[in-house]
Amino acid sequence: MSDPRPVNELVELGREAAARGSWREAYDVLVAVDPAELAPEDLELIGEATSWSGPSELCIETRERAFGAYLANGDQRSAARLALALFRDYFLTRAGSVAAGWFMHAERLLKEVAECPEHGYLALVRVLIGARQQGPAERPRGEISEAGLQLRRALEIAQKFGDRDLEVLVLHSQGSMLIGEGEVDEGWALIDQAAAAAATGDLRPTATGFVYCWTISACRDLLELRRAGEWTARFEQWCERTSLPGGWRGDCRVHRAQVLRVQGRWTEAEAEAEHACEDFLRFNMPSEVGQAAYELGELHLCRGDLAGAEAAFRRALEAGFEPQPGHSLLRLAEGKPSVGLGELDRALAEVRDDRKKRARLLPAYVEL
């Protein structure tokens, strides 16, 4: 049922809700407006609100409308910004070819635009794509990689234009790169700096969500359990301030479940992981269900429920998520250490050049 209030009143209410971080309220108000009656800026705002509180299809559809509207108005910079957002949306739903197409859209548009913050985001995305495709490359100490040069350029652009979101995302990426190269203490210093900026509300919500997810992922990979617990507690305070108790889609719930599990709070962890499964399905992200299913498998394993662990790890694998090292530890619990060791040998061989991914597997390898 459509809202009887005038369009301009609804739009103003939506803008005000978004400005104070009430994304669900902004979504509820703005989604009642006919998209044909909205300016590109308001379509972009609906896309942002929907990314937090609505289905992925609507988020993508709205952002594609905004992209087309900006392009029709001759605003190539804003169109490029939406193209980068759409790259992220399709990348998260595992539509890699479509995501690559939107990245190339952004690249082409920005060639004709004077230097602006979007050029910095483009450079950052290049680094993230390269890291996914190649993993951290070994290189002599002191030699600056292409990724390092891209991050340096992105940081210079961020500081030139005063874009705090971009600056903090780059700092985190630099820290992650240092850790991947074995410079762990130096890397954590930058990651903690970035996370502090995010937790204090210094960034816009999307940047905060990314920094939190990246930070907890790094903690998980390097078994930094104390650090993970501290940053999760800080992020929960931010979620309460922004009326987002569950965080960003299911990702934040999975990370919280991981922290609760290692703290021994298994009942709470299970509830978070189950909620994460529901969130991923609601946002039409079935492949991401594997993350939450894997966490449920770890919880079943902690409790000694080997059948439950087997079912959960199988669900994770069916969703495309590698259920290691949990599945190998399940084999150990079943009295089949040689089988588990064979599985871990394969998993380690697949991430031979990635220190961080190997760090997740090697403790279990030693145990087996």
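Keep in mind the model is a prediction, meaning the values are calculated, not measured.
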Residue pairs meeting salt bridge (charged side-chain N to carboxylate O under 4.0 Å, His left out), one or both in residues 298-309, sequence neighbours left out, come to Glu270-Arg303
With a cut-off of 6.0 Å (strictly less than), are more than 12 heavy atoms of other residues, nucleotides or ligands near CZ of Arg346?
yes
Walk me through it: do Glu230 and Arg226 pass the test salt bridge (Lys or Arg N to Asp or Glu O under 4.0 Å)?
CA-CA 6 Å; Glu230 290 175 1; Arg226 176 193 57 78; 2.9 Å; yes
Determine whether Tyr121 and Phe91 fall in the same hydrophobic cluster, where Ile, Leu, Val, Met, Phe, Trp and Tyr are linked whenever their side-chain heavy atoms lie under 4.5 Å apart.
yes
Check: Leu110 main-chain N/O paired with His119 side-chain donor or acceptor under 3.5 Å
yes
Decide salt bridge (Lys or Arg N to Asp or Glu O under 4.0 Å) for Arg315 and Glu318; before the verdict, give the C-alpha distance in whole Å, the side-chain angles of both, and the deciding distance to 0.1 Å.
CA-CA 5 Å; Arg315 185 183 182 191; Glu318 289 170 352; over 6 Å; no
When Ile, Leu, Val, Met, Phe, Trp and Tyr are grouped by side-chain heavy atoms lying under 4.5 Å apart, directly or through other members, which residues fall in the same group as Val366?
none
Can a donor-acceptor pair be found between the side chains of Gln291 and Glu295 at a distance below 3.5 Å?
no
Would you say Lys356 and Leu222 make side-chain contact, with heavy atoms under 4.5 Å?
yes
Check for a donor-acceptor pair, side chain of Arg355 on one end and backbone N or O of Gly180 on the other, with a separation under 3.5 Å.
yes
Is there a donor-acceptor pair closer than 3.5 Å between any side-chain N or O of Gln324 and the backbone N or O of Ser328?
yes
The single option from Arg77, Arg65, Glu44 passing side-chain hydrogen bond (donor to acceptor under 3.5 Å, both in side chains) against Tyr70
Glu44
Flag the pair Phe87 / Ile129 as yes when at least one side-chain heavy-atom distance between them is below 4.5 Å, and no otherwise.
yes
Sub-3.5 Å donor-acceptor pair from the side chain of Ser176 to the main-chain atoms of His172, do we have one?
no
Between Thr232 and Cys219, does a side-chain contact (heavy atoms from CB on, under 4.5 Å) hold up when you go through it step by step?
CA-CA 11 Å; Thr232 294; Cys219 291; over 6 Å; no
Please report the closest heavy-atom contact between Ala316 and Gly290, naming both atoms and the distance.
CB-O, 3.5 Å
Does the side-chain contact (heavy atoms from CB on, under 4.5 Å) test come out yes or no for Trp266 and Cys302, once each step is laid out?
CA-CA 9 Å; Trp266 295 344; Cys302 288; 3.6 Å; yes
With distance as the sole test, does Tyr365 use its side chain to make a donor-acceptor pair with the main-chain N or O of Arg358 at under 3.5 Å?
no
Using the side chain to side chain donor-acceptor pair (under 3.5 Å) criterion, which residues pair with Glu115? Sequence neighbours excluded.
Lys160
Could you please spell out the steps behind the salt bridge (Lys or Arg N to Asp or Glu O under 4.0 Å) verdict for Glu167 and Arg164?
CA-CA 5 Å; Glu167 182 179 1; Arg164 185 64 172 153; 3.4 Å; yes
Would you say the ring centers of His105 and Phe67 fall short of 6.0 Å from each other?
yes
What verdict does the salt bridge (Lys or Arg N to Asp or Glu O under 4.0 Å) test give for Arg126 and Glu107, after you've listed the backbone C-alpha separation in whole Å, the side-chain angles of each residue and the deciding distance to 0.1 Å?
CA-CA 10 Å; Arg126 283 197 187 104; Glu107 205 169 34; 3.1 Å; yes
Is there a path from Val184 to Leu225 through hydrophobic residues (I, L, V, M, F, W, Y) whose side chains come within less than 4.5 Å of each other?
no
